[in-house]
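Quick notes on the structure that follows.
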2 protein chains.
Amino acid sequence: MSQSDFPPAQLLSMALISVDVVALRLHQGQLQVLTAPATHPKATFPRALPAGRIDPQIDSELEQTALRQITQLTSAEPSWLEQVETIGNNHRDSRGWSLTVVYFALLRGEPEKDLGEAEWLDIGIQTTACHDPQLPDLAYDHQSLLLTAIERLCSKVQYSTLPLYLLPEVFTLSEIRDVFNCILGKSPPMRSIRNRFVGGNILEDTGEKRYGSNRPASIYRMKECDCAQLFNRLYQTTQ
Amino acid sequence: MSQSDFPPAQLLSMALISVDVVALRLHQGQLQVLTAPATHPKATFPRALPAGRIDPQIDSELEQTALRQITQLTSAEPSWLEQVETIGNNHRDSRGWSLTVVYFALLRGEPEKDLGEAEWLDIGIQTTACHDPQLPDLAYDHQSLLLTAIERLCSKVQYSTLPLYLLPEVFTLSEIRDVFNCILGKSPPMRSIRNRFVGGNILEDTGEKRYGSNRPASIYRMKECDCAQLFNRLYQTTQ
DNA sequence: CGAATAGTGTCTATAAGACAATATGCC
DNA sequence: GGCATATTGTCTTATAGACACTATTCG
């Protein structure tokens with residue numbers, strides 16, 4: 001904040017700052033997290049979340065720093081980006097006080113065009129107890145950051161249009177059900193998904209059909225809207 | 001983050017950091033926000049949110065910094081404290097890149113014991129459209145931080161036990177209704193409040209009664225629990 | 001008793017869930 | 001036709017809301 005002058009010497013006006021990103025996608029029925037190599041010699045595991053520092057030449061907002069961590073690793077544009085939390089303390093970095101701003105991104109399951117060091121790691125869902133996902137090993141405390149982001153995802157898919165942000169631009173209703181299954185290990189009945197998304201006027205029918213060895217499915221698209229819409233109930237079957 | 005060495009010179013590893021707090025209470029049927037004097041000479045208004053910097057002698061976690069901003073101004077212990085967002089950019093502080101971590105606190109409506117410079121300012125609710133509260137003038141961009149916190153409050157009271165954190169340790173059901181009225185300008189019917197809070201086994205009946213010039217009301221207390229409990233629906237009448 | 005507020009009973013409205021029934025493509 | 005999946009119909013359930021009715025205290 002700018003309201004006070006430089007504080008007296010015993011107060012800390014500056015600290016190490018980094019931005020970490022949990023970028024998730026659905027790939028072949030599997031929830032995956034984007035990782036980068038863990039470069040620090042003390043790293044306990046070889047992979048870590050994409051992370052970096054503010055580049056004052058490029059970034060004018062924190063969100064741009066987060067976005068840059070993703071675009072350095074994959075050419076896909078995130079369909080969703082939000083801040084999760086800021087962790088700040090004096091024991092996370094051996095050099096002293098540090099802050100990490102954690103962002104949460106979703107990418108559409110499109111043909112991937114990853115760059116250099118990127119690697120997507122699977123996130124397993126315990127179908128018996130979806131509250132305990134099997135997370136890949138990550139360096140530093142990144143597994144716990146991942147857990148926080150996954151918990152937000154699990155919560156938010158149940159009362160918002162967030163599931164649509166993991167799908168391609170166009171999709172069928174069954175694919176929405178698949179998103180729930182991949183994330184939570186279970187899904188609301190198609191009846192409920194249909195009532196909420198079609199009945200709620202969230203989707204636009206493209207008029208196209210997806211053909212398979214069965215009755216073709218209508219292909220939908222999200223209606224124009226700036227951000228995820230919220231419903232006023234949770235699904236019960238996914239809890 | 002600790003995983004990378006000091007970044008190359010063009011990257012910013014440090015930035016100005018402050019912690020701002022939106023501390024709210026209910027006082028005589030009025031939602032109020034805790035303010036401190038705005039000390040900066042360029043301040044546009046005389047009052048500002050409590051804000052400060054990390055004190056490395058005292059704080060080991062960011063939350064402690066937030067808590068300290070409150071306890072410097074009032075002797076009451078917050079009943080609720082959560083992080084709202086972190087704002088980071090290069091134009092908020094004239095000195096360059098800065099980060100502000102914003103916290104959101106609730107205080108129980110107890111006899112106040114404010115210290116020195118503290119002042120509580122009223123927050124008006126437009127009963128016609130509760131989406132547009134009348135916020136007091138605050139220095140810097142603090143009015144917009146306040147707005148974000150108020151929006152979170154308005155949202156969260158509708159699907160959690162958060163209303164209870166603005167009440168004293170013991171309270172009647174009518175006082176829960178009053179919380180809704182103060183915050184949103186309207187309230188769910190008593191029937192719905194009763195079903196949710198009493199039927200949901202959230203409250204403990206103290207056995208005591210509050211007497212007035214009418215039928216006495218049962219006095220309740222929150223049941224033991226670490227954090228606010230969530231319901232799986234929003235009230236409809238408060239939207 | 002009357003005023004005032006607390007609390008209950010009961011019917012309606014809404015949206016989710018269960019599940020049977022029907023539709024429509026491919027083979 | 002038979003299979004597989006999509007879609008619809010309809011009944012049930014859970015919880016909020018409306019509102020009338022009863023309960024209990026004070027003055």
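What you see below is based on every heavy atom in this structure, not just the backbone, and it leaves out hydrogens, waters and symmetry mates. Each chain gets a letter, A, B and so on, in the order the sequences are listed, and its residues count up from 1.
At a cut-off of 3.5 angstrom, counting only N and O atoms as typed in the model, there is no donor on one side facing an acceptor on the other between the side-chain of B:R194 and the base of C:dT8. Between the base of D:dA16 and the side chain of B:R196 there is no donor-acceptor pair shorter than 3.5 Å.
For B:S174, whose side chain is taken as the heavy atoms from C-beta onward, the closest listed nucleotide among C:dA6, C:dG17, D:dA16 is C:dA6. Considering only the side chain of A:P189, C:dA18 comes nearest among C:dA18, C:dT8, D:dT7. Among the nucleotides C:dA18, C:dA16, D:dA6, the one closest to the side chain of A:R191 is C:dA18. Distance from the side chain of A:A217 is smallest to D:dT7 among D:dT24, D:dT7, C:dG17. Nearest nucleotide to the B:S218 side chain, out of C:dA16, C:dG7, D:dC26: C:dG7. Each of C:dG25, D:dA16, D:dT22 was ranked by its minimum atom distance to the side chain of B:S192; first place goes to D:dA16. The A:P216 side chain lies nearest to C:dG25 when the options are C:dG17, C:dG25, D:dG17. Here the side chain of A:T237 is nearest to one of C:dA6, D:dA4, C:dG17, namely C:dG17.
Here C:dT5 presents its P atom at 13 Å from CG of B:N181, a figure rounded to the nearest Å. Put simply, CG on B:N195 is 13 Å from P on D:dA18, counting in whole angstrom units. Rounded to a whole Å, the NZ atom of B:K186 is 17 Å from the P atom of D:dA16. In this entry the distance linking CD1 of A:I193 with P of C:dG17 reads 9 Å, nearest Å. In this structure, the CZ atom of B:R233 is 6 Å from the C1' atom of D:dA14, given to the nearest Å. Regarding A:Q236, its CD atom lies at a distance of 6 Å from the C1' atom of C:dA16, rounded to whole Å. One atom, CE of B:M190, and another, P of D:dT22, lie 20 Å apart when rounded to the nearest Å. Protein atom CD of B:Q239 is 19 Å distant from nucleotide atom P of C:dA13, rounded to whole Å.
By the 4.0 Å N-to-carboxylate-O rule, A:E82 lies close enough to A:K156 to be salt-bridged with it.
A:L24 places a side-chain heavy atom less than 4.5 Å from the side chain of A:V33. Contact check for B:L145 versus B:L49: side-chain heavy atoms found under the 4.5 Å cut-off. Side-chain contact between B:I150 and B:V22: absent, with no pair of heavy atoms (C-beta onward) separated by less than 4.5 Å.
No contact: A:G199 has no heavy atom under 4.0 Å from any strand. No engagement by A:F231 is indicated, since no non-hydrogen atom pair under 4.0 Å with the nucleic acid exists.
Both A:P188 and B:R215 lie close to DNA chain C; mapped to their nearest nucleotides by heavy-atom distance, the more 5′-ward contact belongs to B:R215.
The side-chain tip of A:R196 points at the ring of A:F231 from less than 6.0 angstrom away and within 45° of straight on.
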**OP:** Would you sort out whether A:R191 and A:N195 count as a side chain to side chain donor-acceptor pair (under 3.5 Å), showing the intermediate values?
**Re:** CA-CA 6 Å; A:R191 197 81 191 84; A:N195 283 345; 3.2 Å; yes
